[in-house]
Amino acid sequence: MAIAHTQTLDYPIHQVLNPQGELLGSLSSTLQQTEFWLKAYTHLWRTRLFDQRAIALQRTGQLGTYASCLGQEAISAAIGFSLQQNDVFIPYYRDQAAQLLRGTQMRSILQFWGGDEWGSFDAPDYDFPACIPIATQITHAAGVATALKLKHQAQAALSTCGDGASSRGDFYEALNLAGVWHLPLVVVINNNQWAISVPLSQQTACETLAQKAIAAGILGVRVDGNDFFAMMMVLDEALERARSSKGATLIEAVTYRLCDHTTADDMSRYANAKEKEQAQHLEPLIRFRKLLEQQMRWTNEQQHTLEQELRQEIELEVQAYLSLEPVNPDDMFNYLYSELPKDLAQQRGV
Ligand SMILES: Cc1ncc(C[n+]2csc(CCOP(=O)(O)OP(=O)(O)O)c2C)c(N)n1
Ligand SMILES: [Mg+2]
């Protein structure tokens, strides 16, 4: 008997708002409200302008390093808007949009990237700091989801990671546990097509990342990560499944990293400029603006005012960050050991 070839797995990409700014399907009652559109659009721009400002701070020597979320804002903003207050958010480092919605201040995000770990601790009680080690946060999230399940609480744990992270053992182990223990967990992959300079095609032979859910026995979904509305709809459903004990969901949000990996990278050395240029046309803020122009007669003047107000809001936070007391470099030796090993004691002595 011949073993059948792997079949093609059909995971359509859910889309509600197309790149022309047209709504393709009906929206839930919350998503229909134009006040909500404005709130969401404002937040997407808040995130983008904050991101730009953070890069400018880094380029002028006022921030250590920074991981931009340019082009990927809709994924994280939708997460922030769809989580309930007592859900647990276990983010990674491109989740500025959701973190801000959860209550983290811009000054704290800057403080963290400025090299001061205290910036990580400005999150609501339930949430975790943004995780830098790749994929370890998914195992933590499975642990959180286990605790929520044992306590019989109608809460969900939601964690995020990149496409590269989905090749790590931690990712598969966490998903496996989520399946076998039927955990209230949602994992969102920000598939931005790159893991630093490694393109997705060199990362995995899987046709989609959503299909990685199959082996874990959980639900997998693929969604246009540049479509804020589709993201909201998929997330609402996945979170509701988690909260009502219906099991875990893996969401692959398809997008493109329109920025360098971090400020320590230069993607022009490895990325195809044409591919990036094409991705530019699909990014989330352009299509949202088209929707507002078509449905709400959004004007250039309104856009200008919005950006000006946001810039003022951001500047206050930047000034608050810049006036923080610098950290004591000795702190990196001070809190790891009760008694400092010899070699570290020597280093501190220098
Ligand atoms: C455990 C671990 N290994 C390696 C690294 C170095 N590293 C930082 S980001 C990154 C690529 C991650 O790519 P992806 O998961 O696609 O996320 P993206 O940065 O594209 O959002 C790597 C390998 C790390 N931070 N942690
Ligand atoms: Mg990536």
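Every number for a ligand or one of its atoms is a count from 1 in the order of the listing. Along the sequence shown, residues carry numbers from 1. Note that this is a predicted model, so its numbers are computed, not measured.
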Heteroatom distance test (R94, ligand 1): nitrogen or oxygen, under 3.5 angstrom
yes
Is there a polar contact, in the sense of an N or O pair closer than 3.5 Å, between N190 and ligand 1?
no
among protein heavy atoms, the one nearest atom 14 (P) of ligand 1 is G164 N, 3.5 Å
Protein residue, atom and distance nearest to atom 25 (N) of ligand 1, heavy-atom basis
I132 O, 3.2 Å
Could you pull out, from [options], the option with a heavy atom nearest to [atom]?
atom                    : options              : answer
atom 15 (O) of ligand 1 : A165, A195, S167     : A165
atom 5 (C) of ligand 1  : D95, T262, I134      : I134
atom 12 (C) of ligand 1 : Y92, W194, F171, Y93 : Y93
atom 10 (C) of ligand 1 : D163, I196, T136     : I196

Mind checking whether the Mg ion (ligand 2) has an N, O or S of R257 under 2.8 Å?
no
Within 2.8 Å of the Mg ion (ligand 2), is there any N, O or S atom belonging to N192?
yes
Pair V254-V223, side-chain contact (heavy atoms from CB on, under 4.5 Å): steps then yes or no:
CA-CA 6 Å; V254 182; V223 56; over 6 Å; no
Does a side chain donor of either T255 or N192 reach within less than 3.5 Å of an acceptor in the other side chain?
no
Distance-only donor-acceptor check, side chains W298 and Q303, under 3.5 Å
yes
Quick check on contacts: which atoms of ligand 1 are under 4.0 angstrom from a heavy atom of [X]?
X    : value
H261 : 9 (S), 19 (O)
N192 : 18 (P), 20 (O), 21 (O)
P133 : 26 (N)

Heavy atoms of other groups near E237 CD, more than 12 under 6.0 Å
no
How close do C69 and D51 get, heavy atom to heavy atom, and via which atoms?
N-OD1, 3.1 Å
How close do L148 and P184 get, heavy atom to heavy atom, and via which atoms?
CB-CG, 4.3 Å
Output the distance between atom CG (L183) and atom CG (L175), rounded to the nearest 0.5 Å.
10.0 Å
Proximity of Y41 and F228 rings by center, below 6.0 Å:
no
Check E173 with R168, please: is the shortest side-chain N to carboxylate O separation under 4.0 Å?
no
Within the 4.0 Å heavy-atom cut-off, what R257 brings close to ligand 1 is neither
Can C161 be said to touch ligand 1, with heavy atoms closer than 4.0 Å?
no
The N/O/S atom of D163 lying closest to the Mg ion (ligand 2) is OD1
In terms of relative ring orientation, are F229 and W37 parallel, tilted or perpendicular, with 30° and 60° separating the classes?
perpendicular
